[in-house]
2 protein chains.
Amino acid sequence: MAYRQTDKVSARLAATRRGILDAARALVAEGGFAAAQVSEVARRAGIATGTIYRYFSSKEELCRQIFREVSAQEMDRLALIAASDAPARARLVEVLQTFAGRAVLGRRLAYALLAEPVDANLAEERAFFRRTHAEIFARILEDGIASGELPETNVKIAAACIAGAISTALIGPLAPQSHELDENPDRVVDEIVAFCLAGVGAGLPERKAGKIERRAKA
Amino acid sequence: MAYRQTDKVSARLAATRRGILDAARALVAEGGFAAAQVSEVARRAGIATGTIYRYFSSKEELCRQIFREVSAQEMDRLALIAASDAPARARLVEVLQTFAGRAVLGRRLAYALLAEPVDANLAEERAFFRRTHAEIFARILEDGIASGELPETNVKIAAACIAGAISTALIGPLAPQSHELDENPDRVVDEIVAFCLAGVGAGLPERKAGKIERRAKA
DNA sequence: CCAGCCCATGAACCATGGTTCATTCTTTGT
DNA sequence: ACAAAGAATGAACCATGGTTCATGGGCTGG
């Protein structure tokens, strides 16, 4: 028995791993997954290219990790709202505003997560992310229908429509010119949320401009 | 003077060009742009790889061409409906049903056009395609608002929401399991259209199951 | 302080898939 | 039939970017 990992070492290893993840995440937030090339991530993390492969078996796995970390963070936030005991309609409004609002604030990262061209394997991860979103929406819709706040609908389809409407309207190629978003993000968000609420028969929301969580995704 | 292109030759050249486009288009419709590799297109068109470059300066240009051809065809169809003198609400219903219905029938191709990961240059072309869609929607919405059929809204945003909701719900990663779409496409389309109509305050559409144009996109 | 192992290094390697180009085949006009 | 010019060929080429691996340096336990 000649070697056993000491605490100091495993701490350093953990730090390196974090460093890699942070570097990659920062790159994704700046230029999308396309910008997160292995050699670039290594440079940014201050290590050699090959070292990455001591921590992640492939670039794909690294990217998946990023995907999971970021999306888990976002999902938790939404899940928390969804789980409150407010009426369904109010929860729906808040979830939509939070989702849309945070996407606006961290637009580049949101684009990477929701829409950037990525290869098939990463797309799986994205699909999972989106599906989870949609499930949160769907569950609230179900509650609302059960309580009579909302009319009957196919909640799965409605949830997918909501997810699509928000993503596309905010960050897709159809997004309003960025200056419009920069100048008046709350207004754009409110419009989109209003569309979605009306889509599920929840009428107009009380406008609560300025209530978006300010910290950017990242 | 020793050579001048004769009619027979230029006809053959034109035929080859078409052959390339058709082969590429078929490949895209089967497996998306990813499947349309230059060598594969050539094989399918029954010519040598290099020959492609006598007709298109690059793969990108070839793909752009495909994009334009297919989308022009779809756009024309929608534009025709949009230009009719029916009331705005009716035109909206028909445009949405047509768009969604045709996307279902040519799902693979629709996916390639609307959602498949493609590189940045092709994405431009896609952006144009989407913007044109959105403009058609937006114009109808404006008409509807002007005539009092629809409540005031930001038509640009609403149009983007519509485009996003339809694409995502039908063919994106949130699309219902294919068997559901295969079994009962009209029902799914109707749900989505209903969501969009409600989103712009147009209430429920008269359901017209089975009215979708049957010919697949292609 | 030495043997043995782990960890880091980064230049070389490799796979993919678009692009080129020397060569060959066809067409044209005399 | 022949020369000039265009068209077609497809194997070689190249760029990109992920992955590997022989090497050297640092830890660990005795």
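Chain letters run A, B, ... following the sequence lines, proteins first, then strands; residues in each count from 1. For clarity, every value in this text was computed on a predicted model and none was experimentally measured. Just the heavy atoms: all of them, side chains too, but no hydrogens, waters or symmetry mates, feed the values below.
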Under 4.0 Å between a Lys/Arg side-chain N and an Asp/Glu carboxylate O for A/E116 and A/R126? no
Salt bridge flag under 4.0 Å for residues A/R108 and A/E30: no
How many Å lie between [atom1] on [X] and [atom2] on [N], as a whole number?
X	N	atom1	atom2	value
A/I52	D/dC21	CD1	C1'	17 Å
A/L62	D/dG17	CG	P	16 Å
A/D119	D/dG18	CG	P	10 Å
A/R54	D/dC21	CZ	P	14 Å
B/E40	C/dG18	CD	C1'	14 Å
A/N121	D/dG18	CG	C1'	13 Å

B/R139: salt bridge (Lys or Arg N to Asp or Glu O under 4.0 Å) partners, not counting sequence neighbours: none
At under 4.0 Å between heavy atoms, what does A/Y55 touch on the DNA or RNA strands: base, sugar-phosphate, or nothing? sugar-phosphate
For A/R91 and A/A82, indicate whether the former's side chain and the latter's backbone hold a donor-acceptor pair under 3.5 Å. yes
Got a donor-acceptor contact below 3.5 angstrom from the A/T51 side chain to the A/I47 backbone? no
Can you sort out the partners of A/Y55 under ring-ring contact (aromatic ring centres under 6.0 Å, His included), two or more places apart, ordered by chain and number? none
Can you name the residues that form a ring-ring contact (aromatic ring centres under 6.0 Å, His included) with B/F33, not counting sequence neighbours? B/F67
So which nucleotide from D/dA7, C/dG17, C/dC7 ends up closest to the side chain of B/Q37? C/dG17
Check nucleotides 19-21 of chain C against the protein and report each pair of N or O atoms closer than 3.5 Å, with its distance, or say if there are none.
residue : atom : partner : partner atom : Å
C/dT19  : OP2  : B/Y53   : OH           : 2.4
C/dT19  : OP2  : B/K59   : N            : 2.8
C/dT19  : O5'  : B/Y53   : OH           : 3.3

Got a sec, which residues hit side chain to side chain contact (heavy atoms under 4.5 Å, CB included) with B/R18, two or more places apart in sequence or on another chain? B/L21, B/D22, B/E69
Parallel, tilted or perpendicular for B/F137 and B/H133, by the 30°/60° rule? parallel
Of all of residues 10-18 of chain A, which get a heavy atom below 4.0 angstrom from DNA chain D, listed by number? none
